[in-house]
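Reading through the structure tokens given below for one structure.
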Amino acid sequence: MQHATPVSAHSRGLLLWYAVLVGPVAWSGHLLFSYLLVSTACDTGQVRMRIIIAALTIVVEALVLSGAAIGSRSWRPPGNRLADDDGDLNRASFMGRLAVFEGVLFFVAALFTAAPVYFLRVCA
Amino acid sequence: MTTTAARLTRTWEAPGFVRGIFANVDHKQIGLRYIATAFVFMGEAGIGGLVMRTQLAVPNNTIVSPDHYNQVFTLHGTVMIFLFATPLLIGGLGNYLIPLMIGSRDMAFPRLNALSYWIYLFAGMFIYSSFFVGKAPNGGWFAYVPLTSVAYSPGINLDFWALGIVFLGISTTASAVNFIVTIFKLRAPGMNVARMPLFVWAMLVTSFAIVFALPPLTLGASLLEIDRQYGTHFYDPGAGGSVLLWQHLFWVFGHPEVYIMFLPAVGIVSTVIPTFARTRIAAYTLLVLSSVSIGFISFGVWVHHMFSVGLPPVSLAFFAAAGMAITIPSGIQIFAWIATIWKGDILWRTPFLFAVGFLFTIMLGGFTGVMVSAVPFDWQVTDSQFIVAHLHYVLVGGVVLPIFAALYYWLPKMTGRMLDERLGQWHFWLFFIGFNLTFFPMHLMGLYGMPRRVYTYEPDFGLTGLNLVSTVGAFMQAAGIAVFVLNFVLSMIRGDEAGDDPWRAGTLEWATTSPPEAFNFREIPTVHSRDPLWDAAAPTRSVAQPGDSVLRETFATSVLDADQPHVLVMPGETYLPFLLALGIGILFVGILFNRMEVVVAGAVIGLAVTALWMWPADRSVQTSTGRKPKSLQGTEAPATWGLLMFIATESIFFALLFSCYFYIRSGAGAWPQGGIESPKLLTPSINTVILLASSVPIFWADASIKRGNQAGLRIGFALSFLLGAVFLVLQLREYGSLPFHANVNAYTGLFFVITAFHGVHVFVGMLMNASTQVRAWAGHFSSEDHLAVQNAGWYWHFVDVVWLFVFSIVYISPHVI
């Protein structure tokens, strides 16, 4: 059996932290930036808001999906043992699944945030 | 009693009456005190609720005057949220249960824990004392300006509120930091993050939410008090301030606060349901996801409370979307609980009844939550009784019912006695029916147009019948509470003995005696699964055990995997937390009455006690491993995590202050306001060089002590102390040369508050520096033991980095933007 070196285990650990945190953090930034952008745009009337929010949403969704993709690599526990979520789960597998679920949730949440810009008159 | 147990008892018990009361740092005693104190406050606020309902039972009633009614509803909301639900769930149940659930012997910082309780008690007395002198706060629990400004609320009513909230915030924040570090570092070997009980997960997310949510409230209330006492203009549009700034600050706290109360309740329900369904919880990972994502999304919903203030419609839609997104993780929770019940074999006992009652009511509260997250509907019902109904369905149904589930479930563990099942069912049905009778009609009253916070109504409004039903319901709830109190008293007198695990539950707190001994576990278990007591392989002793010495010892383990256990030495009982809380309390009383000599007395007591606190205990005694106590270093040490959390809290304060600066500036025509010139740059530029230079000796000192060089440590810290002192002197000289005072307009207030707040941090850094120097001269540090050096150094660097932001934003930006 091949053992991971301490460095690679450390990198894997950091990647899992990234996977778990990137979705909610990216969504929070998306919401806050969109709110500030709209406030500024409605004050100055000089910002092309729909284009900026579309570009921002694409970046945010890519970040969210990157977290989910990294998490999915740890979905299966080593040797597929104790894969039943009702019982016990390997720690890395647990964090991986958490990252995937977060990816789905925050992908939808970021779409929710962006959608109103395209359906409402922005500064009415 | 075995020799080991006797020795552990001697080590961990707090002997004597006075020491047992004022010097006790045992998490279980502190938890019980929180619960008892919170119930006293709940009784007082509950009586206030009955007074309100009696007043509204019939039209044109005259039991209380309009002003008295204002005081009663303000205290009712303030006390129920800040002094009952939050402290009971976090300080009470969290304190008692978390160390037991994770297999630890105490919290990470027992003295800080005791300090949190004493501050909570004193802050509660501070706020409530206003009622007994006829000066209770009367501006509603969210204290909107300008109503609460000194022009419209003269007298000290609102000062009690604002200062009390700031005072209490110290306790809540300290508790949250303590919980985070305890959960990160003190879990029993083997309890990795995938095996943590869901209540522990809920408390972890809640604690992070507190760390991020409390600063906006503390800052908002502080600015309000500064406006009121010293005539600044943060919330005064006539002098460049903004009333909406208060609403932003309050609700950035206020909406997460709902989840700060709700998430521990979720943890309770996720613990109670599988125990009484006799099966493991369904979808554990998804339930963790729900708690974590709710923790995040709750911060994106604050404008949900400001739909009617005139923000652009798209801005409102962003927050409406976030409000609706939060229903996804909430729905996951509901389905996971239903699935657990579905696959289980139900034991219908009182805790389970309360959990099912919670499921029913929280769904109704959630539905109305979705309704008010739709902007057009919210506009129709804002400030009506519909909102009162919604918030009580969320907070009573979603928080109080789980609190009762928790008390019926865990009181046998806490007291060793079972509560009576029949009285428990009477309690449930009286309370549940009474609750729905009280609050369901309020939906209709609101839709019919009855506003909240009115002390009476006319007979021809068509509201009489609904109000009468609501009042009857309130008294039914009170009867339910009375049955609970009776049940508790009877169980103490003649209740059946509980035994270690009366419910045959799966989590670790049931692996010890009821009530647990002072040391919790004779042998700290090793955990192999999520429900260790339901395993064929029960928790085992597989590592060398701490505790066979005269020191209080437990294990510190790694953050994610809870492996690599190290023996951690804990402090024993001490009067210092009580005395420090007393000093802080005196300081707040001095501020309330604007008596500088009292403020100084409180500050001197506080500083003296803090100095004693930072002096380490007797270092000559040995641990159970036969060696002198070794301070854990770096991320092995809980103190490092505590410092990081403290720095996180402070960073949020500064981030908020900078946000306030730009918020006020964005609404100002010219900047600085009032024709004031942009700040001169010479002195702050010199100060920037001085402060950045002061970090260099700290780096040098840290590197020196790691090599065992004591002289380098002492010289490095002395140099940075000197540079810090020069910085403060120059800053004071700059204040003296300014052509304006803080109370000219919003800009001048912000200038002084931001720079002075940073100056206070430099001063605190110098105190930590001085303490480290004294300890260095006393020979406390070595190449293996220098944690305090690291922490003082990190704090100093943090203060330096913050200055770069202060300098850029306050001094440079008016010149360039």
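Chain identifiers are assigned alphabetically (A, B, ...) following the order of the sequence lines, protein sequences preceding nucleic acid strands; residue numbering begins at 1 within each chain. This one's a predicted model, so the numbers in the text were calculated from it and none came from an experiment.
The CZ atom of Arg97(A) sits 10.0 Å away from atom CG of Leu286(B), with the distance rounded to the nearest 0.5 Å.
There is no contact between Leu316(B) and chain A, counting heavy-atom distances below 4.5 Å. The part of Phe106(A) that comes within reach of chain B is its side chain, from C-beta onward, which places non-hydrogen atoms under 4.5 angstrom from that chain. Only the side chain of Ile53(A) comes within less than 4.5 Å of a heavy atom of chain B; its backbone N, CA, C and O stay farther away. Both the backbone and the side chain of Ser34(A) come within contact range of chain B, judged by heavy atoms closer than 4.5 Å. Using a 4.5 Å cut-off between heavy atoms, Leu560(B) contacts chain A through both its backbone and its side chain. With a 4.5 angstrom heavy-atom cutoff, Leu111(A) does not touch chain B via any of its atoms. Heavy atoms closer than 4.5 Å to chain B are found in the side chain of Leu105(A), but not in its backbone.
Heavy-atom pairs under 4.5 Å with chain A were tallied for Ile297(B), Val292(B), Thr279(B); the largest tally goes to Ile297(B). Counting heavy-atom pairs under 4.5 Å between each of Phe299(B), Phe318(B), Phe319(B) and chain A puts Phe318(B) at the top.
When all heavy atoms of Leu98(A) and Thr285(B) are compared, the pair lying nearest together is CD1-O, 3.8 Å. Residue Pro312(B) comes nearest to Val38(A) through the heavy atom pair CB-CG1, 4.2 Å, listed as atom of the first residue, atom of the second, then distance.
Between Trp201(B) and Phe94(A), the ring planes are tilted. Angles from 30° to 60° get that label. Under the 30°/60° scheme for interplanar angles, the aromatic rings of Tyr35(A) and His248(B) are found to be tilted.
Under a cut-off of 6.0 angstrom, the local environment of CZ in Arg91(A) is crowded, with over 12 non-hydrogen atoms contributed by other residues, nucleotides or ligands. More than 12 heavy atoms of other shown residues, nucleotides or ligands fall within 6.0 angstrom of atom OH in Tyr118(A).
Considering only heavy atoms from C-beta on, Phe101(A) stays 4.5 Å or farther from Ile332(B) through its side chain.
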